[in-house]
Amino acid sequence: MPEVKTLTVSGRPAAYLETGRGRPVVLVHGAGGRGALWNPQLTGLSDIARVIAPDLPGHGGTGGRGSVRVAEYAEWLIRFLDAAGLDRVVLGGHSMGGAIAQTVAVAHGDRLQGLILVGTGARLRVLPRIVELLREALPDGLRLISSLAYSPRTEPGAVAAVERALRETPPLVTLGDYLACDRFDVMAQLTHVRAPTLVIVGRDDRLTPAKYAAFLASTIAGAQLVEVAAAGHYPQLEQPAALNAAVRAFLESVPTHD
Ligand code: COA
């Protein structure tokens, strides 16, 4: 079972989940989410890695406010790594978390042994209707996001945790996350990424379509691309076995030395 832990980042509590021992793999959740959305990876990869999944500021058990800038979350993540005594890690991120991971890879590449990008893109424009509804009628906004988020082949139970997290995250934090995504664009900077990289996308992803993953994989030198069948925007929950197998093979291929 993942252990719930807390440390202090810039004077405020930061909550995270941790399992396993060995090479640190830090997994960052997406917009309106929380670390527990990586539960299948926290349990499924703990035999080969020390898996750590923080709650970003304003999310889950971490205090403070959220942000409307991916770069601010990325700076917080660097302070989280410092506070946890983690020098170099394999960093994974989903959706907005993938935007945060790309930003770290561009600006703090020396902290990374590897990069795992799940259901994300180098640019994350958001449908104006999503932002409008998140501002004015949050439940309708969340319903619209859900209607686009999963593969038609996904069992509702497999993604119940996403629905719960989205409902429990403060509405202004979720709105801020989507604004942060909408402003995010590192398409012109990705050639600076040096870390070995794995890109994963659900074939039925409509929020960050396969085209975005193809761009990441063709622009980041040496990146591998894995498409997961019968998965939408949350392959880590919709098809955890396939996702874990891809991550496992990637971790085995990435050198542990500096
Ligand atoms: N990787 C590769 N190509 C990308 C990209 C990415 N991350 N982001 C955009 N592009 C491409 C688009 O495919 C498009 O190419 P085209 O002109 O050949 O069709 C071009 O860049 C411009 O796209 P975009 O910046 O998205 O603007 P747009 O006005 O065409 O579309 C939306 C705006 C909101 C309709 C569109 O971004 C979309 O459908 N987004 C997905 C839904 C969503 O809200 N996702 C939430 C993300 S967190």
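Since the structure is predicted, the reported quantities are computational estimates derived from the model, not experimental observations. Quick note: residue numbers are just sequence positions, from 1. Order of listing sets the numbers, starting from 1, for every ligand and every atom in it.
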To check your reading of the model: name the closest protein heavy atom to [atom], its residue, and the distance in Å.
| atom | result |
| --- | --- |
| atom 13 (O) of ligand 1 | Lys211 NZ, 2.6 Å |
| atom 7 (N) of ligand 1 | Arg123 O, 2.8 Å |
| atom 6 (C) of ligand 1 | Tyr212 CD1, 3.3 Å |
| atom 40 (N) of ligand 1 | Arg125 O, 3.3 Å |

*Is it the case that Thr256 and Gln113 place a side-chain donor and acceptor less than 3.5 Å from each other?*
no
*Is it the case that Asp177 and Tyr73 place a side-chain donor and acceptor less than 3.5 Å from each other?*
yes
*Met187 touching ligand 1 at heavy-atom level, < 4.0 angstrom*: yes
Counting only non-hydrogen atoms of the protein, does one fall under 4.0 Å from [atom]?
| atom | value |
| --- | --- |
| atom 35 (C) of ligand 1 | yes |
| atom 1 (N) of ligand 1 | yes |
| atom 30 (O) of ligand 1 | no |
| atom 25 (O) of ligand 1 | yes |
| atom 45 (N) of ligand 1 | yes |

*Write down the atom of Val104, the atom of Leu112, and the distance for their closest heavy-atom approach.*
CG1-CD2, 4.1 Å
*Closest non-hydrogen atom pair, Trp38 against Ala53*: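 So the two residues come closest at CD1-CB, 4.1 Å.
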*For the pair Tyr234 and His94, evaluate ring pair (Phe, Tyr, Trp, His ring centres under 6.0 Å) and give the outcome as yes or no after the intermediate values.*
CA-CA 8 Å; Tyr234 289 86; His94 171 248; 4.7 Å; yes
_Mode of Phe215 contact toward ligand 1 - side chain, backbone, both, neither (heavy atoms, under 4.0 Å)_ = side chain
*asked:* So, regarding Ser95 and ligand 1 (criterion: nitrogen or oxygen to nitrogen or oxygen, under 3.5 Å), is there a contact or not?
replied: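 Checking ligand 1 against Ser95, no N or O pair falls under 3.5 Å apart.
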*Please say whether Leu207 places an N or O atom under 3.5 Å from an N or O atom belonging to ligand 1.*
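Such a contact does occur with ligand 1.
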_Exactly one of Asp185, Asp182, Thr208 should register a side-chain hydrogen bond (donor to acceptor under 3.5 Å, both in side chains) with Arg123. Which one does?_
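Between Arg123 and the candidates, side-chain hydrogen bond (donor to acceptor under 3.5 Å, both in side chains) is satisfied uniquely by Asp185.
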Are more than 12 heavy atoms from other residues, nucleotides or ligands located less than 6.0 Å from atom [atom1] of [X]?
| X | atom1 | value |
| --- | --- | --- |
| Leu172 | CG | no |
| Arg12 | CZ | no |
| Arg125 | CZ | yes |

